[in-house]
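Only one structure is covered here, and it is reproduced in the block below.
Scope of the values below: all heavy atoms of this structure, side chains included, with no hydrogens, waters or symmetry mates. Keep in mind it's a predicted model, so treat the numbers as computed, not measured.
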Amino acid sequence: MTSTHLVDVAPERLAGWVDRFTASHGPLSWSVVGDDPDDAWQAQAQDGSWARMRSWRTPGVDDTEGPAPGWEQSPALLVVLVRRGGYAVALVCPDGSLVRHKVGTRHVQSRTAAGGWSQQRFARRRANQADVLVEAVAGHTVRLLGEGSTDRGSVPGGLVLGGDRGLAEAVLEELPASTGAVTGLPRRTLWDLPDPRRAVLDDAVRRGRAVRVQVHNA
């Protein structure tokens, strides 16, 4: 029975993962599949199984024998997670260690089914709370970027966004022009994350750094 599933593999563990895949399915042949910029390395096994791997780097046009050394490595990352119940912002080194981070809670009220004038007043209050949250997270992001600018290896080369898509994108729009390069970074989105706490931030860093592998078992 065939099956296809997704796994996140830490960059430092990818070589071992490939070795185990080879041991289970036979010798591999490598090719590049997909559409730029979403190209992936595909490892085709002798038994018909395959694994498609995507990292922060696209496959090199001259690579013919599989990923070049270092292809799997993550760049330094800026992580921005925000939901109505809280936020987390972090600068992350390529090895996954946190250079600087901020995790906090700010409450934005949930939607209400009430009607009329009360609903309008509630909607304005909720919008104001969301605006305050967005401004706060944008401010923390600017501060972390400024404080981390002198830290070796912490200039972000990738952006991880998570939580509420609308709030996260509003944070990016709130950033000043001096941080404009951030919005143009390659990005990975994690909209399924719950309210950010330290454990959620750690999970986002893990998933943000990982090589994403689509595995098909023949």
So for atom CZ, which belongs to Arg206, do other residues, nucleotides or ligands contribute more than 12 heavy atoms lying within a distance under 6.0 Å?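 Yes, the 6.0 Å shell around CZ holds more than 12 heavy atoms from other groups.
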Any sub-3.5 Å donor-acceptor pair from [X]'s side-chain atoms to [Y]'s backbone N or O?
X      : Y      : result
Thr22  : Val18  : yes
Arg188 : Arg207 : yes
Arg187 : Val160 : no
Ser49  : Ala45  : no
Thr105 : Gly86  : no
Arg197 : Val103 : no

Set of salt bridge (charged side-chain N to carboxylate O under 4.0 Å, His left out) partners for Asp195, sequence neighbours left out: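 Applying salt bridge (charged side-chain N to carboxylate O under 4.0 Å, His left out) to Asp195 gives none.
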Measure the spacing between CD of Glu169 and CD of Glu173 and express it to the nearest 0.5 Å. 7.0 Å
So, taking the atom named CG in Leu98 and the one named CG in Leu91, what distance separates them when rounded to the nearest 0.5 Å?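 These two atoms lie 9.5 Å from each other.
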Got a sec, which residues hit side-chain hydrogen bond (donor to acceptor under 3.5 Å, both in side chains) with Thr183, two or more places apart in sequence or on another chain?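 Thr183 satisfies side-chain hydrogen bond (donor to acceptor under 3.5 Å, both in side chains) with no residue once adjacent residues are dropped.
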Is any side-chain heavy atom of [Y] closer than 4.5 Å to one of [X]?
X      : Y      : result
Val215 : Leu6   : no
Leu161 : Leu172 : yes
His101 : Leu201 : yes
Pro194 : Val200 : yes
Val82  : Pro196 : no
Val213 : Arg54  : no
Val92  : Ser97  : no
Val89  : Val137 : yes

Criterion side chain to side chain contact (heavy atoms under 4.5 Å, CB included) on Lys102 and Arg143, from CA distance to verdict: CA-CA 10 Å; Lys102 174 68 175 179; Arg143 179 176 59 80; 4.0 Å; yes
Among residues two or more places apart or on two chains, list those pairs meeting ring pair (Phe, Tyr, Trp, His ring centres under 6.0 Å) that have a residue in residues 161-216. Trp50-His216
Are Arg209 and Glu12 close enough for a salt bridge, meaning some N to O gap below 4.0 Å? yes
Is Asp202 salt-bridged to Arg198, going by a charged N under 4.0 Å from an acidic O?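 Looking at Asp202 and Arg198, the cut-off is met.
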Where is the tightest heavy-atom contact between [X] and [Y], given as atom of each residue plus distance?
X      : Y      : result
Ala40  : Pro59  : C-CG, 4.1 Å
Leu133 : Arg83  : CD2-O, 3.4 Å
Gly162 : Leu193 : CA-CD1, 4.4 Å
Pro186 : Gly157 : CD-O, 3.5 Å
Val205 : Gly96  : CG1-O, 3.8 Å
Asp8   : Ala210 : CB-CB, 3.6 Å

Chi angles and distances behind the side chain to side chain contact (heavy atoms under 4.5 Å, CB included) call for Val33, Asp39: CA-CA 6 Å; Val33 298; Asp39 287 347; over 6 Å; no
With the 4.5 Å side-chain cut-off for hydrophobic clustering, are Val7 and Leu28 part of the same group? yes
Give the ring-plane orientation class for Trp41 versus Trp30, where under 30° counts as parallel, over 60° as perpendicular and anything between as tilted.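 Perpendicular.
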Mutual orientation of the aromatic rings belonging to His25 and Phe21 [parallel < 30°, tilted 30-60°, perpendicular > 60°]: tilted
I would like to know whether Met53 and Arg212 meet side chain to side chain contact (heavy atoms under 4.5 Å, CB included); could you show each step before the answer? CA-CA 6 Å; Met53 308 175 191; Arg212 289 182 163 175; over 6 Å; no
